[in-house]
Amino acid sequence: MSRASHKDWHSKEQLEKLVGWARDGLTDEQIAKNIGIRRPTLYAWKKAHPDIADALKKGKEVVDVEVENALLKRALGTTTKTTQYRMVKEDPDVLKAKRIKYLNEYKLEHPELTKQELTVAAALAIPTYKRIPMVETVQELPPDTKAIIFWLKNRLPEKYRDQSFRQLNEAQTRKAIADADRAEIENDRLRNAKDSDITKIVFTDDLKPDDDQNGDGNDGTDPKPK
């Protein structure tokens, strides 16, 4: 097998193939494998040949837009329609007329094809069975919270990226500062307090008689002298 050359990838058809691969979401590694080269070689092609680079960029931009639109629809909510079909065999006369018409038109575009090749092309383009729509289901999809968060965090990062964590950290910081201020105020009050400002509390046993409350030298245990 001959080594792939960039010369084989400058035609319109080959460039469209590159666009299609990129649009389908293939990575550069996968595209290089499809071409038959290594990824560094593909990078070299992209650097040296703008048409190849533009084709790959165009395909990736298309799929990026498609994904972005899908995400936007999911974030805002959207409506989906699902249709169920029934396969019905085409009427033989109608089928024959359709194929003949297609064959004649296709022959004008491809005069080099044989009658057999034209017949096969018409048979593939006009199938024997046709689809008849039977039931259509409409489903309303509400806005998706995760899609909304993802969109806002990436489109408006300064406003929405990790906002909840930032608010929580700010609240915790304010609380820590307030606690530190209260502790400092309390320490200052205790340091500046005078002894006279401190009330000493002495607990006594109410059941114990007072010592010489009358001032007569009697502690209350002996009877008064006569």
Taking transitive links into account, so neighbours of neighbours count too, which hydrophobic residues share a cluster with Y102 at under 4.5 Å side-chain distance?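 L95, L103, Y106, L113, L118, I126, all in the cluster of Y102.
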So which pairs with a foot in residues 127-136 pass salt bridge (Lys or Arg N to Asp or Glu O under 4.0 Å), sequence neighbours left out?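 Listed by first then second residue: E90-K130.
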Is the shortest heavy-atom distance from the side chain of [X] to the side chain of [Y] under 4.5 Å?
X: L72; Y: W151; answer: yes
X: P133; Y: T83; answer: yes
X: Y85; Y: I132; answer: no
X: V62; Y: V19; answer: no

Looking at [Y], is its backbone amide N or carbonyl O close enough to the side chain of [X] to form a donor-acceptor pair, meaning the two atoms are under 3.5 Å apart?
X: T119; Y: K115; value: yes
X: T27; Y: Q30; value: yes
X: D24; Y: L26; value: no
X: R74; Y: P142; value: yes

Whether H49 and H6 hold their rings parallel, tilted or perpendicular, with breakpoints at 30° and 60°: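 Parallel, since the angle between the ring planes stays under 30°.
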Among residues at least two apart in sequence or on other chains, which ones pass salt bridge (Lys or Arg N to Asp or Glu O under 4.0 Å) with K46?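 Once residues adjacent in sequence are excluded, the partners of K46 under the salt bridge (Lys or Arg N to Asp or Glu O under 4.0 Å) criterion are D28.
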Atom CD in E61, atom CG in L56: separation rounded to 0.5 Å?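 So the CD of E61 and the CG of L56 are separated by 11.0 Å.
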CA sep, side-chain torsions, deciding dist, call: Y43, K47, side-chain contact (heavy atoms from CB on, under 4.5 Å): CA-CA 6 Å; Y43 289 162; K47 187 176 181 179; over 6 Å; no
